[in-house]
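Atom set for the values below is all heavy atoms of this structure, side chains included, hydrogens, waters and symmetry mates excluded. We count residues from 1, following the sequence as given.
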Amino acid sequence: MSTSPAHIAVIGSTNIDFVTHVERFPHPGETLHVHSSTTGLGGKGANQAVAVARLGQDVALAGWTGTDMLAEMARTTLHDAGVNARWLLADPQAGTGRAFITINHAGENQILVDGGANMAHGAEACAHLAPVLDNAAVVMMQMEMDAELVQAVARQARARNIPVVLDPAPVPATGLPDALFALADILTPNENETRELTGILPVDEATALHAARILHERGTHTAIIKLGHRGVVYSTATTRGFVPPFAVRAIDTVAAGDCFNAGLATALARGATLGEAVRYAAACGALATTRAGAAEAAPTADEVACLLDRTPG
């Protein structure tokens with residue numbers, strides 16, 4: 001798959017997910033039987049890249065896997081999904097990233113991540129990933145890579161006038177580096193990430209806008225705060241808005257945020273206004289919760305169009 005002038009560049013993690021479904025989360029020291037378990041492609045970078053491809057947009061993924069059997073599984077899945085993985089590099093020493101995910105009957109999840117090759121490279125590796133930015137319309141990043149590397153790539157994108165959409169997940173234990181608040185054109189935290197970044201847990205439009213003002217003060221141009229089943233709030237220095245939640249039956253929230261960001265970047269690359277892009281993104285995220293899995297939960301463009309058509313804007 002060639003990268004056209006409209007391609008979206010995703011720089012981020014590639015994992016293999018080991019997922020178990022349970023009635024409830026276990027207590028410390030307790031053993032529970034699972035209802036079912038699956039193994040599949042994950043990692044926020046890979047999830048977002050596959051979700052973009054499902055929407056019919058050219059997309060290229062840059063990052064690392066190991067050289068193990070899990071890497072082969074990841075690359076095959078990405079290829080079959082239509083993702084250009086030319087810049088997904090193989091680390092001969094670090095293993096492919098792994099995530100261990102437990103989902104309860106309410107669709108809530110708990111996740112443990114072994115970053116492996118995703119976390120083995122610092123800012124000095126930027127030159128290996130930067131070619132994916134050539135002719136990109138939007139670049140998407142997350143925090144499942146070294147924070148210094150994320151900053152270095154963001155600076156490269158800024159120098160090329162490519163909009164940066166940053167999913168600040170997971171927020172580093174030391175906090176999001178100050179430079180990233182300004183380097184990211186769009187920051188897309190969920191409720192818990194917003195609390196970690198601002199000290200405010202957003203529970204409605206008013207508290208989300210309060211948190212957004214703090215993000216603006218720290219340098220963020222556009223803040224999009226995902227409130228889960230409560231909807232989405234977006235804010236710039238001159239514009240703010242609210243997208244109500246879509247009525248869907250959620251069974252698994254694992255990749256909802258990744259599908260949201262994929263929809264956002266895709267809509268922006270196609271020329272949508274911010275409000276239009278956020279609504280499109282919210283529909284993508286909502287549909288992702290209606291099926292199990294991570295990358296495989298991403299909706300198609302036709303499915304998103306149907307949901308938008310039957311839900312008044």
Side-chain angles (χ1 to χ4, degrees), residues 8-19 40-52 59-66 68 70-71 73-75 77-78 83 85 87-91 94-101 109-123 125-126 128-129 132 139-154 157 164-177 179-180 183-184 186-190 192-193 196-197 226 253-262 264-265 285 288 293-295 297-298:
I8 291 173
V10 181
I11 298 177
S13 58
T14 296
N15 294 334
I16 293 299
D17 288 350
F18 300 87
V19 183
L41 182 68
K44 298 190 76 62
N47 288 344
Q48 292 181 8
V50 169
V52 171
V59 59
L61 172 65
W64 285 272
T65 67
D68 46 29
L70 296 181
M73 178 181 180
R75 291 172 183 277
T77 305
L78 288 164
V83 175
W87 294 280
L88 184 61
L89 309 176
D91 187 314
T96 301
R98 297 165 170 82
F100 305 90
I101 302 169
N109 62 77
Q110 294 180 342
I111 305 175
L112 297 172
V113 178
D114 173 5
N118 298 308
M119 297 297 296
H121 303 270
C126 178
H128 297 297
L129 305 184
V132 77
V139 60
M140 302 173 66
M141 291 192 291
Q142 323 80 35
M143 298 305 297
E144 288 184 340
M145 302 179 90
D146 179 84
E148 294 294 329
L149 177 57
V150 174
Q151 290 181 76
V153 174
V164 175
V165 177
L166 178 63
D167 183 347
V171 176
T174 55
L176 194 70
L180 278 176
L183 286 169
I186 301 176
L187 197 66
T188 64
N190 65 16
N192 290 328
E193 292 148 10
E196 292 183 65
L197 296 175
K226 298 173 285 191
T253 61
V254 167
D258 295 329
C259 292
F260 178 99
N261 276 39
L264 179 71

Q) Is there side-chain contact between V113 and N118, with heavy atoms separated by less than 4.5 Å? A) no
Q. Who passes side-chain contact (heavy atoms from CB on, under 4.5 Å) against E148, sequence neighbours left out?
A. A123, D146, Q151
Q) Who pairs with D114 by side-chain contact (heavy atoms from CB on, under 4.5 Å), at least two apart in sequence or on another chain? A) R98
(Q) Ignoring hydrogens, what is the shortest heavy-atom contact between M73 and G40? Give both atom names and the distance. (A) CE-CA, 3.8 Å
Q: State, to 0.1 Å, how close N15 and A99 come at their nearest heavy-atom pair, and which atoms those are.
A: ND2-CB, 4.3 Å
**Q.** Sequence-distant partners of D91, side-chain contact (heavy atoms from CB on, under 4.5 Å), two or more places apart
**A.** W64, Q93, A94, A117, A120, H121
Q: Would you please name every residue forming a side-chain contact (heavy atoms from CB on, under 4.5 Å) with A9, sequence neighbours left out?
A: H7, V132, L133, A136, V139
Q | Approximate separation, where rounding is to 0.5 Å, of I8 CD1 and L61 CG | A | 12.5 Å
Q.
Name the residue from M141, K226, M140 that meets the side chain to side chain contact (heavy atoms under 4.5 Å, CB included) definition with D167.
A. K226
Q | Any side-chain heavy-atom pair of V10 and V83 under 4.5 Å | A | no
Q. Which heavy-atom pair separates A262 from A51 by the least distance, and what is that distance?
A. CB-CB, 3.4 Å
Q: Calculate, to the nearest 0.5 Å, the distance between atoms OG1 and CG belonging to T188 and N261 respectively.
A: 3.5 Å
Q. Can you tell me how far CG of L149 sits from CD1 of I11, rounded to the nearest 0.5 angstrom?
A. 8.0 Å
Q) Counting N and O atoms only, with roles assigned by atom type, does the side chain of T96 sit under 3.5 Å from a partner on the main chain of G66, one being a donor and the other an acceptor? A) yes
Q | Stepwise side-chain contact (heavy atoms from CB on, under 4.5 Å) test for L129 and L89 | A | CA-CA 9 Å; L129 305 184; L89 309 176; 4.3 Å; yes
Q.
Ignoring hydrogens, what is the shortest heavy-atom contact between D17 and G43? Give both atom names and the distance.
A. OD1-N, 4.0 Å
Q: With sequence neighbours left out, write down each residue that passes side chain to side chain donor-acceptor pair (under 3.5 Å) with E193, or none if nothing qualifies.
A: N190
Q. From I101 CD1 over to F18 CZ, what is the distance, rounded to the nearest 0.5 angstrom?
A. 10.5 Å
Q: Mind checking the CG-CD1 spacing from L166 to I186? Nearest 0.5 Å is all I need.
A: 10.5 Å
Q) Listed by chain and number, what are the side chain to side chain donor-acceptor pair (under 3.5 Å) partners of D258, not counting sequence neighbours? A) K44, N47, Q48
Q. Of all heavy-atom pairs between V164 and A154, which one has the smallest distance, and what is that distance?
A. CG2-O, 4.4 Å
Q: Compare every heavy atom of A46 with every heavy atom of T14, then report the nearest pair and how far apart it is.
A: OG1-CB, 3.9 Å
Q: Answer whether the closest heavy-atom distance between the side chains of M143 and L180 falls below 4.5 Å.
A: yes
